[in-house]
Protein chains: 2
Amino acid sequence: MKVSVRKREIIKVASQLFKDKGYNAVSMRDIALELGIKAASLYNHIEGKQEILSILVLDLAKEFTLGMNKIASSELSPTQKIEQLIEMHIDITVTQSEALAALNNDWMHLEGEDLKSFIEMRDDYEENFRSIIKAGIANKEIKNYHPEVILFSILSTLRTLYLWYQKRGKLDVNVLKKDMVAVLLKGII
Amino acid sequence: MKVSVRKREIIKVASQLFKDKGYNAVSMRDIALELGIKAASLYNHIEGKQEILSILVLDLAKEFTLGMNKIASSELSPTQKIEQLIEMHIDITVTQSEALAALNNDWMHLEGEDLKSFIEMRDDYEENFRSIIKAGIANKEIKNYHPEVILFSILSTLRTLYLWYQKRGKLDVNVLKKDMVAVLLKGII
DNA sequence: ACACAAAACTAACACTTGTTAGTTTAATAT
DNA sequence: ATATTAAACTAACAAGTGTTAGTTTTGTGT
């Protein structure tokens, strides 16, 4: 897994363009222009457009998987696990919003084995999250609403947080974490 | 505003393809193929690809604006207004998930005046929502968290609901509304 | 049966797409 | 200095894009 400096630059520039316009609306010439080189020169560093997307999406998906496994297998209570998950999402949002945008919006443009393994990781992640919620309900820590409703109301918020963090980016991360955990767990009224 | 039957068919088919692959990944030939005709024949009914996107996104945006104006100007309490907004989003999700996908994912591919008026409607919508939340906080009906955090945790959930409703689509709409309102307002613990 | 309009067709356009081949320039090591 | 390698370049490709022009088919009302 050797990744040259130039390759990282290309991926970074591409991810910024993908975030604004989406994978399909960004051409190799767009990426090259931003770097001040010609499109053909990109191929000295990367295999192709697909590889950029794969790296962006799969690397981040692996990071989520790793974090989830660590939290899920810990000795924390369900509620504490959810708190940790919320904080992990916020940390990733703050440091990697471009890759997160690609993961959210452009994963379906992956191909072959990459697409398969992404979907598998995503399903596993959700299944782990669901189990934590169910354990909390069985536990009486969490109210007895439909687990699916709880799952997606939390996950939707966390997944699209990157859209808001850039717009109203002045929020301090620790304030955000504190209020976010409170709103998602204890409600607003 | 005359819209022929065939034109409606084209828009419907296109919206389904847009939902799965995104505006830019769907060609006029894809749309035509689905309808069993040639791409050039589409132009007997529509002005172009952009028109399809405009109709999908702007019509729905207008519907949201209308609903918001009605609710915001009512005599309900802030909390009741939010309840109504949640129910409106769920109703629209259930009946128009394809257009909602385009509004969420492909609005940035609108051009010129259409893009401008979309952004204006979207900003107005959010500003109205924000005002309701602030009124609730001033009111002591709503807890004193950062209004922005409350706003986007609710809106994110509602906007991406269409993704879940198709996957786990067996949820009864009234159960969904009830649990959703409860989770978003009263929290889960 | 005939005229007319709606809606399909074929063929082509100008342009953009990702990518490859082959070449030249720049940087580094001996 | 010279050889080697990395990284840029030019030029072009085959395929796909949205769209237009002109023509034929289909359906409807008289």
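Please read all numbers here as calculations on a predicted model, not as lab measurements. Letters A, B, ... mirror the listed sequences (proteins, then strands); counts begin at 1.
Residues from residues 40-53 of chain B placing a heavy atom under 4.0 Å of any atom in DNA chain C, listed by number, are B/Ala40, B/Ser41, B/Asn44, B/His45. Residues of residues 10-19 of chain B that place a heavy atom closer than 4.0 Å to DNA chain C do not occur.
For the pair A/Met28 CE and D/dG16 P, the computed distance is 18 Å after rounding to whole Å. Rounded to whole Å, the distance from NZ on A/Lys7 to C1' on D/dA8 is 18 Å.
A donor atom on one side chain and an acceptor atom on the other are not found under 3.5 Å apart for B/Ser156 and A/Ser156.
The base of D/dG18 lies close enough to the side chain of B/Arg29 for a donor and an acceptor atom to sit less than 3.5 Å apart.
Looking at A/Asp179, its side chain never comes within 3.5 Å of a backbone N or O of B/Val149 through a donor-acceptor pair.
Remark: A/Arg130 engages A/Glu127 in a salt bridge, criterion side-chain N to carboxylate O under 4.0 Å. A salt bridge does not link A/Glu141 with A/Lys81: every distance from a Lys NZ or Arg NE/NH1/NH2 to an Asp or Glu carboxylate oxygen is 4.0 Å or more. Between A/Glu126 and A/Arg159 a salt bridge is recorded (basic side-chain N to carboxylate O distance below 4.0 Å).
Scanning DNA chain C 5' to 3' for nucleotides with an atom closer than 4.0 angstrom to a non-hydrogen atom of chain B gives a first and last hit of C/dA7 to C/dA12.
Shown here are the side-chain hydrogen bond (donor to acceptor under 3.5 Å, both in side chains) partners of B/Asn24, two or more places apart in sequence or in another chain: B/His109. In terms of the side-chain contact (heavy atoms from CB on, under 4.5 Å) criterion, residue partners of B/Leu60 (sequence neighbours excluded) are, by chain and number, B/Glu63, B/Phe64, B/Ile92, B/Gln96, B/Ala99, B/Leu100, B/Leu103. Scored by the side-chain contact (heavy atoms from CB on, under 4.5 Å) test, B/Lys21 finds B/Ala25, B/Val26, B/Asp30 as partners (sequence neighbours excluded).
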Test side-chain contact (heavy atoms from CB on, under 4.5 Å) on A/Lys177 and A/Asp91 and set out the steps.
CA-CA 9 Å; A/Lys177 280 185 184 172; A/Asp91 285 332; 2.9 Å; yes

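Under the 4.5 Å side-chain heavy-atom criterion for ILVMFWY residues, a single connected hydrophobic cluster contains both A/Leu53 and A/Ile119.
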